2 protein chains.
Amino acid sequence: MAKKEKSDYLIQAVSHALDLLEQFHDEIDELGVTELSKRLKLHKNNVFRLLATLESRGYIEQNRVTENYRLGLKTLELGQTFIRQMGLLRQSKPVLEALVKECNETTYVAILKELNIIYLDAVETDMTVRVVPRVGSRLPAYCTAAGKVQIAYMSDEELENYLPTKELKRYTNSTVTDRDVLKKQLKVIAEQGYAIDNEELDIGVKCVGAPIRDYTRRIIGAVSISGPSMRFTDDRVEKELIPLVMKAAEEISSKLGFQK
Amino acid sequence: MAKKEKSDYLIQAVSHALDLLEQFHDEIDELGVTELSKRLKLHKNNVFRLLATLESRGYIEQNRVTENYRLGLKTLELGQTFIRQMGLLRQSKPVLEALVKECNETTYVAILKELNIIYLDAVETDMTVRVVPRVGSRLPAYCTAAGKVQIAYMSDEELENYLPTKELKRYTNSTVTDRDVLKKQLKVIAEQGYAIDNEELDIGVKCVGAPIRDYTRRIIGAVSISGPSMRFTDDRVEKELIPLVMKAAEEISSKLGFQK
DNA sequence: TCAACATGTTGTACATAGCGCAACATCTTC
DNA sequence: GAAGATGTTGCGCTATGTACAACATGTTGA
């Protein structure tokens, strides 16, 4: 007997509270009761009570001057708890930091979630021209190095479920939009153990990435190096960056219990 | 007419959801429905529905093998949103990083919340022996440098409300436990514009700290340098670390609109 | 192998807590 | 001063959250 969808069990009041927390994003850092009421399509009194509850627990704070509300410190604490408890993040940070020192480019660790990769952590170079990281952001897996090394090991069937259309969305002139062409490249990537993003997502940005495995031998994420194309010459990528990113991936994998 | 306590408006279901999220802390990274039910004193069915709601939004994930639940990625995203929106964090990070390069010790930015300071951000040195930062943790303000520079500018009345007992809790042999003695020291700190923690909280750990102000001229936080006592000689503290931490505080304050 | 026990998941009725409606207190603008 | 905006307060009603119970499945021990 198949399990019932958990969506049948949702608690509406809790959903509303989460909706409210999610109204603070991008440049929207403070909001009033009335604006939140409009956005959430809830009565002001309801919004006020949600805010009161979240505020009493530190997830929301009120600016006493403007009377507007914003996210509270407890959201940071909760996020830090997640970080502490996630082994991949804990173990990869020192490796990312060392990697930045070696190649002087921005480094990331990323995981695959549905059709996207999500950057879990980043360490930035202090070069004047650099890729600026955005931890937490979601990017399409098929045109990023970190994503490609994670989908490269999927079966044909999985890949076709994963990318259901033969035509993929284009981001730049370099984006591979033909699924069959991408599948051939992924086979090569799986053999090589690394991937390159040649401006497939962003013009002027290149990445190299390698997969991270844990004690179960499964791929659980990827480490990548990202930077401006002008510094990612073919020679440098081949001779310096690929060896570095593969070594970093091996090191993190080893820390997570992966044995060759 | 005084405003009514917001606690009269709390939504119980939302409180329960937050209680649940807060069960994951320290070493407790996965929990089952039954254990959560015991901890929260709620029926299993209630806990299951809370979990279902939080899981449907990504704040909780289920381990398919153990069937246990853990924090989800959305908690990280929410925490990252907080970071992006908080000007103090954004503006202080590069200063912390530069400071680490100058003194090769761990640097922090911290704010005052109730009786404690909370470390908002840290940048670690790569010295083998170092202070290991714990972002998000709360420490008593009166025996940390970052705390002392924030309470030093309070009035006598505020301080007595702030520290209601004449006898303060001891953490080490060096902890100042007499409130009147501490008040005298705080007066000196307010004049100097910096504070030193001489193993008052942790044996073998010393800190120096200086206050951060914003455009309102109020103190909104502190920057500090922390390290093993063996490297924090009196001479080094005086000649190197105090000037560095004060300069860093000035720099961050300036970025936040503070004008002398 | 089977019974006991543990777990997470499913189902349902009812009472109370969440929601909706409205008013109030305060501030700002014209 | 009136109008309009805001956040906050109050209260009644009903829909939703809670409580109770059962089910499906896996594990353990005799």
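Lettering follows sequence order; numbering is per chain, from 1. All of these numbers come straight from a predicted model, not from anything done at the bench.
Within the helix from C:dT1-D:dA30 to C:dC30-D:dG1, the inter-axis angle between the opening and closing five-pair segments is 40°, rounded to 10°.
A straight line from CD of B:Glu55 to P of C:dG8 spans 13 Å, rounded to a whole angstrom. The distance from atom CG of A:Asp8 to atom C1' of C:dT12 is 14 Å, rounded to the nearest whole Å. Regarding A:Tyr9, its OH atom lies at a distance of 18 Å from the P atom of D:dA19, rounded to whole Å. Rounded to an integer number of Å, the gap from CG of A:Asn63 to P of D:dT6 is 16 Å.
Judged by a 6.0 Å distance limit and a 45° cone about the ring axis, A:Arg213 is positioned over the six-membered ring of A:Tyr153. Remark: B:Arg179 fails to qualify as a cation-pi partner of B:Tyr162 under the 6.0 Å distance and 45° angle criteria applied to the six-membered ring.
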Steps toward salt bridge (Lys or Arg N to Asp or Glu O under 4.0 Å) verdict (A:Lys187, A:Asp156) | CA-CA 10 Å; A:Lys187 280 187 164 45; A:Asp156 268 14; 3.4 Å; yes
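B:Ser155 has its side chain within reach of B:Glu158: a pair of non-hydrogen atoms, C-beta onward, lies under 4.5 Å apart. When side chains are defined from C-beta on, A:Glu22 counts as touching B:Arg57, because their heavy atoms get closer than 4.5 Å. Between A:Leu50 and A:Leu42, the closest side-chain pair of non-hydrogen atoms falls below 4.5 Å. Between B:Leu159 and B:Lys183, some side-chain heavy-atom pair lies under the 4.5 Å cut-off.
Between B:His16 atom NE2 and B:Leu40 atom CG the span is 8.0 Å, to the nearest 0.5 Å.
For DNA chain D, the residues of residues 11-21 of chain A within the heavy-atom distance limit of 4.0 Å (strictly under) are A:Ile11, A:Gln12, A:Ala13, sorted by number. Using a 4.0 Å cutoff on non-hydrogen atoms, the parts of residues 32-52 of chain B near DNA chain D are B:His43, B:Asn45, B:Asn46, B:Arg49, ordered by number.
Side-chain contact check for A:Glu30 and A:Asn63: at least one donor-acceptor pair (N or O, by modelled atom type) lies under 3.5 Å.
A salt bridge between A:Arg49 and B:Asp8 is absent, with no side-chain N of the basic residue lying under 4.0 Å from a carboxylate O of the acidic one. Using a 4.0 Å cut-off between charged side-chain N and carboxylate O, B:Arg138 and A:Glu77 make a salt bridge.
Using a 4.0 Å cut-off, some side-chain N or O of B:Gln62 falls inside it from OP1 or OP2 of C:dT9.
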